[in-house]
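First the structure, in the form of structure tokens, and then the observations on it.
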Amino acid sequence: MDLDRLGEFGLIARLASHIPHRSRRVVKGIGDDCAVYSQPGGNYLVVTADALIETVHFDLNTTTPEQLGWKTVAVNASDVAAMGAAPRFAVLTLGIPKATKVNFLDRLYKGLGRACEAFGLDLLGGDTVSTPEHWMLSLTMVGETHKKRLFTRKGAKPGDAIVMTGTVGDSALGLQILQSPDKKWSGSTADRKHLIKRHLEPTARVKEATRLAKSRLRVTSMIDVSDGLAQDLGHLLSASEVGGELWETALPLSKPFEKTCIKNGLEAGELALGGGEDYELLFTLKSEDVKKLMGSFVNYGTPVTQIGEITARQGVTWVRTNGRRQTLRKPAGFNHFKENG
Ligand code: ADP
Ligand code: MG
């Protein structure tokens with residue numbers, strides 16, 4: 001059978017069936033943003049690995065080495081944050097093309113260092129190999145949380161509020177701009193630069209996750225938005241065995257995103273729903289706690305917005321601005337091994 005018939009997620013499910021867990025200390029194996037391993041004393045270690053491949057995840061004509069280093073750390077820190085955990089350390093495996101100059105590596109490590117500082121972790125080692133042509137960066141990150149404040153994709157209940165940090169869609173639109181250099185874009189250059197920066201230098205919501213973990217807010221499930229809002233919400237809903245309503249009018253859109261969409265005739269809602277790499281936290285919490293959550297994030301600097309509600313009925317209902325209700329059957333989003341999700 002070819003890989004494209006299975007798709008990325010079908011493949012992972014198949015791989016999972018080959019590797020049963022041996023240790024009782026495994027709290028979570030495959031299927032969440034991180035694996036979870038219990039520690040004596042009541043803490044959990046979480047571990048995640050994410051790789052970036054040149055030509056698939058980045059293009060060196062548009063990314064600086066510093067940005068590449070930053071992003072490699074940020075995408076992993078985002079998965080750690082999505083468990084409610086704080087990043088502690090990482091190891092990095094590099095596949096370096098033969099023609100690389102030393103200066104490139106110095107700049108790459110500057111970006112890595114900055115991100116490690118920003119997200120509060122240490123880079124402790126890794127491996128280095130050479131590749132014939134393209135870059136490969138594979139980072140493994142370990143984080144830590146108290147076992148009572150582990151947030152997983154499972155746990156959302158009907159009536160819970162669906163909430164996200166930050167804004168959605170900037171990165172996808174930034175990528176679209178990068179990938180169409182010949183298109184005549186209308187609107188402000190500064191807005192487009194902002195969107196591109198959001199794609200190349202994403203922020204992991206580590207501080208926000210820690211704030212939630214330290215609070216008494218009843219967070220019932222969490223994931224980070226890497227593949228696209230609809231698809232990642234789909235993962236959270238299926239892990240929790242519930243459905244959800246997503247409200248188009250409530251989606252938090254940045255001004256540069258909205259303005260660029262309007263000026264260029266792009267459908268903001270669709271782009272926000274399907275576009276990936278926002279690296280925001282998407283979580284559910286008891287609806288009685290929404291007020292307290294908003295209070296806790298007022299004047300904090302990162303917006304926190306309720307964008308929908310969990311339902312007992314499975315599937316995602318997309319409630320459009322015009323009031324129409326659409327059932328999203330196969331949420332759009334990124335899937336390796338498939339042409340278009
Ligand atoms: P995320 O988008 O949050 O990084 P992924 O979609 O990459 O998550 O991975 C989903 C789950 O599948 C995770 O639990 C991950 O550890 C697991 N996984 C991915 N690739 C493999 C693999 N080759 N072998 C075993 N588990 C894998
Ligand atoms: Mg994730």
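Whatever order the structure lists ligands and atoms in, that order sets their numbers, starting from 1.
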Please determine if Arg205 forms a cation-pi arrangement with Tyr279, meaning its NZ or CZ atom is less than 6.0 Å from the six-membered ring centre and no more than 45° off the ring axis.
no
If we number the atoms of ligand 1 from 1 as shown, the ones under 4.0 Å from a heavy atom of Asp33 are 3 (O)
If you measure from each non-hydrogen atom of Asp32 to ligand 1, which part falls under 4.0 Å: side chain, backbone, both or neither?
backbone
Could you identify the single nearest non-hydrogen protein atom to atom 26 (N) of ligand 1 and state the distance to 0.1 Å?
Ile30 CD1, 3.2 Å
Among the N/O/S atoms of Asp224, which is closest to the Mg ion (ligand 2)? Give the atom name.
OD1
Any N/O/S atom from Asp227 (main chain or side chain) under 2.8 Å of the Mg ion (ligand 2)?
no
Without swapping roles, check the side chain of Thr48 against the backbone of Asp33 for a donor-acceptor pair under 3.5 Å.
yes
Heavy-atom gap Gly31 to ligand 1 smaller than 4.0 Å
yes
Give the residue and atom name of whichever protein heavy atom lies nearest to atom 18 (N) of ligand 1, and the separation in Å to one decimal.
Ile12 CG2, 3.9 Å
Does Arg149 reach the main-chain N or O of Ser215 with its side chain, forming a donor-acceptor pair under 3.5 Å?
yes
Opening angle between OD1 in Asp79 and OD1 in Asp33, taken at the Mg ion (ligand 2), to 10 degrees
100°
Step through it carefully: locate the ring centre of Phe257, locate the ring centre of His194, and say whether they are under 6.0 Å apart.
no
Look up atom CG in Leu68 and atom CG in Leu200, then write down how far apart they are to the nearest 0.5 Å.
10.0 Å
Return the closest protein heavy atom for atom 24 (N) of ligand 1 as residue, atom name and distance.
Leu15 CD1, 4.0 Å
Quick note on ligand 1: atoms under 4.0 Å from a heavy atom of Phe9 include exactly 6 (O)
Roughly how far, to the nearest 0.5 Å, is the CZ atom of Arg192 from the NZ atom of Lys259?
11.5 Å
Quick one: does Glu248's side chain have a donor or acceptor within less than 3.5 Å of a partner on Arg320's backbone?
no
Quick check on atom 16 (O) of ligand 1 - does any protein heavy atom sit closer than 4.0 Å to it?
no
Give the residue, atom name and distance (to 0.1 Å) of the protein heavy atom nearest atom 7 (O) of ligand 1.
Glu8 OE2, 4.2 Å
Do Glu208 and Thr165 have a side chain donor and acceptor closer than 3.5 Å?
no
Does atom 5 (P) of ligand 1 have any protein heavy atom closer than 4.0 Å?
no
Residue, atom name and distance, where the atom is the protein heavy atom closest to atom 8 (O) of ligand 1:
Arg153 NH2, 3.9 Å
Suppose we screen for ring-ring contact (aromatic ring centres under 6.0 Å, His included). Which residues come up paired with Trp318, at least two apart in sequence or across chains?
none
the protein heavy atom lying closest to atom 2 (O) of ligand 1 turns out to be Ser226 OG, 3.4 Å
For a side-chain contact (heavy atoms from CB on, under 4.5 Å) with Cys34, tell me which candidate from Leu45, Val46, Asn76 qualifies.
Val46
